[in-house]
Peer 1: 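Structure in structure tokens, see below.
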2 protein chains.
Amino acid sequence: MARQGPRRHPGASVAGADGAAGDREPGAGPSRREKEEAPGYDPRAFPPFAVTVDLAVFTVREQRLQVLLVQRGEDPHRGDWALPGGFVLPDESAGSAARRELAEETGLSARTVHHLHLEQLRTYSEPDRDPRMRVVSVAYTALLPDLPEPRGGGDAAKASWTPYVSLPSLAFDHALILGDAYDRVGAKLEYTCLATSFCPDLFTLGELQQVYETIWGVELDRPNFRRKVLATPGFVEAVEGPPRRTGGRGKPAALYRAGTAAALHPPLLRPEGRPS
Amino acid sequence: MARQGPRRHPGASVAGADGAAGDREPGAGPSRREKEEAPGYDPRAFPPFAVTVDLAVFTVREQRLQVLLVQRGEDPHRGDWALPGGFVLPDESAGSAARRELAEETGLSARTVHHLHLEQLRTYSEPDRDPRMRVVSVAYTALLPDLPEPRGGGDAAKASWTPYVSLPSLAFDHALILGDAYDRVGAKLEYTCLATSFCPDLFTLGELQQVYETIWGVELDRPNFRRKVLATPGFVEAVEGPPRRTGGRGKPAALYRAGTAAALHPPLLRPEGRPS
DNA sequence: CTCCTTAATAGTCATGTTGACTATAAATGC
DNA sequence: GCATTTATAGTCAACATGACTATTAAGGAG
């Protein structure tokens, strides 16, 4: 792992620009710091990094878990599919960049994007993950209900929902990122309430159950699922005047909306598989 | 959140250097890209970011949860306490940088550090988190057993274990990072086996229980805790010839070592509090 | 309109896990 | 020896879960 021998990195003289304690140097060794040029920081003296965000955006559509992908128009990997994302701008946080990019890619209103669940997944920083230069990418995961018009306007030339089970090969390490995101989403369904993020404002318990079944790839017992969800305070709340959903063939189902609880106690564990 | 209006960032002409699809621009707007200067990437054209790692290193010492802190020798925040950490070097990943820095700070052998549990926590990227320049920090969490000589040699001038309950004010956003790390560790005790990371090679179930009690700040029923741990395959494994621990006053306890399982099914839930 | 199918909802029962407790065993320190 | 301390064994009720069965309320076929 620590493939790095003692070596002074550029900008060591201004070490401490962040969490780094100023009196620390990468290489240790007998010769500690002798002098310090305290003032006059030169950003260029640091190893040059680009910082991007990548988004693993999931939805449940047509009974399948689907992912938002865009097609690259530039080398490298021109023409390959990739996760939506982009550069973090000089005065925004990675989270802001992720929301901004998501709005652009999906064509959702900034207000809608502002309210949806967007969670930081993990940061990918392998030195060779981009062939041209050092790029560190902060990955985010977003969960959307099935949208009327899934592929957005904005400036995303080619974007489309793709079933997770039939992914094309992806640019860079995006397959790795997407795999991590999938594992995380599956695991979070167990002990959080965020399955409701995949549902529209009003939904039936059957629809909520389908979210679990689709993502976990298992079948759940309907009465037991229902009992569990209703027994968890704040998971869902029944809608007032019993309006019932039309369209289907069987008995109409009661409608619910997402509750205020975030965690599930005790959790709703998957039948057999281990969480990631 | 998206405090950023339409604006072209430097280096837009080489957008797509990473997860970014090349045909995307930060600012949308009617005027899409007209021409592309494909080859000849200039790293300097990107917004300059420095990338660091920060480490939240926990141990259980003297019945208390303690954190490894270092004292800054440079402005800003000179003299303040901070998390150990440092810059990511040009050809190492953030994870490698974290291990390297941890070895330096604690004086542990590279081999020891290589084997311990080091987990990426989250990345902190608020634009103003460092007053001088844009610094994005990838935070890691490490869990150590009570070490013989806790404060390391290396080049960490002033490093020391500090009880989590009596933290000084910390530099930058390190109090935020540490709070997130604490929440994460507490939550992970519930559904993973990593409490054993706080224990030495051989330990008693009482010691393992103290880890939970110390971090969660609750008292657990001893027989119930024992029953749960032993019922979870792979959590701990009994040591062969029943050697028993001396020194204490009561009946000697059997010794165990960490098992191979990573997850706890079903989880060992905290008495009342919610997970983070 | 009636029967059949489909889906939602209600309820039952055995099993397994948990929390609260009691009991016994094996060491130390007067 | 005896109280104290800690480890370990075991009990029992409450609760949660998995596997079912039963009932209700719609749509569709004839």
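The sequence lines fix the lettering, A, B, ..., with proteins before strands; numbering per chain opens at 1. Quantities reported herein were computed from a predicted structural model and do not represent experimental measurements.
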Peer 1: Say whether, by atom type as modelled, one donor and one acceptor occur between the side chain of B:Arg64 and the main chain of B:Tyr164 under 3.5 angstrom.
Peer 2: no

Peer 1: Starting at atom CG of B:Asp221, determine the distance to atom C1' of C:dT17, rounded to an integer number of angstrom.
Peer 2: 14 Å

Peer 1: Between atom CZ in B:Phe225 and atom P in D:dT8, what is the gap in whole Å?
Peer 2: 12 Å

Peer 1: Take A:Tyr256 and A:Phe203 through the ring pair (Phe, Tyr, Trp, His ring centres under 6.0 Å) test and state the conclusion after the steps.
Peer 2: CA-CA 5 Å; A:Tyr256 297 82; A:Phe203 54 87; 7.1 Å; no

Peer 1: For B:Pro266 and A:Leu205, take the nucleotide of DNA chain C holding the closest heavy atom to each; which residue's nucleotide lies nearer the 5' end?
Peer 2: A:Leu205

Peer 1: Do the side-chain N or O atoms of A:Lys251 get closer than 4.0 angstrom to the phosphate oxygens (OP1, OP2) of C:dT6?
Peer 2: no

Peer 1: Report the distance from atom CG of B:Leu208 to atom P of D:dA7, rounded to the nearest whole Å.
Peer 2: 12 Å

Peer 1: Counting only side-chain heavy atoms from C-beta out, which of D:dT6, D:dA25, D:dT11 sits nearest to A:Pro252?
Peer 2: D:dA25

Peer 1: Does A:Arg226 place a side-chain N or O at less than 4.0 Å from the phosphate oxygens OP1/OP2 of C:dA10?
Peer 2: yes

Peer 1: For a quick test of reading the model: is some side-chain N or O of A:Arg249 closer than 4.0 Å to OP1 or OP2 of C:dA7?
Peer 2: no

Peer 1: Starting from P on D:dA9, measure out to CG on B:Leu230 and report it in whole angstrom.
Peer 2: 8 Å

Peer 1: Has A:Arg122 got its NZ or CZ under 6.0 Å from the middle of the six-membered ring of A:Tyr124, at an angle within 45 degrees of the ring axis?
Peer 2: yes

Peer 1: Do A:Thr232 side-chain atoms and A:Lys228 backbone N/O form a donor-acceptor pair below 3.5 Å?
Peer 2: yes

Peer 1: To the nearest Å, give me how far apart NE2 (B:His265) and P (C:dT17) are.
Peer 2: 13 Å

Peer 1: In whole Å, I'd like the distance from the CG atom of A:Leu269 to the P atom of D:dC15.
Peer 2: 20 Å

Peer 1: Does A:Lys228 or A:Gly250 map to a spot on DNA chain D nearer the 5' end, using the closest nucleotide for each?
Peer 2: A:Lys228

Peer 1: When the distance from CZ of A:Arg227 to P of D:dA19 is rounded to whole Å, what number comes out?
Peer 2: 11 Å

Peer 1: Rounding to an integer number of Å, can you tell me how far A:Gln210 CD sits from C:dT6 P?
Peer 2: 16 Å

Peer 1: Using only heavy-atom distances, determine whether the side chains of B:Ser137 and B:Asp54 contain a donor-acceptor pair under 3.5 Å.
Peer 2: yes

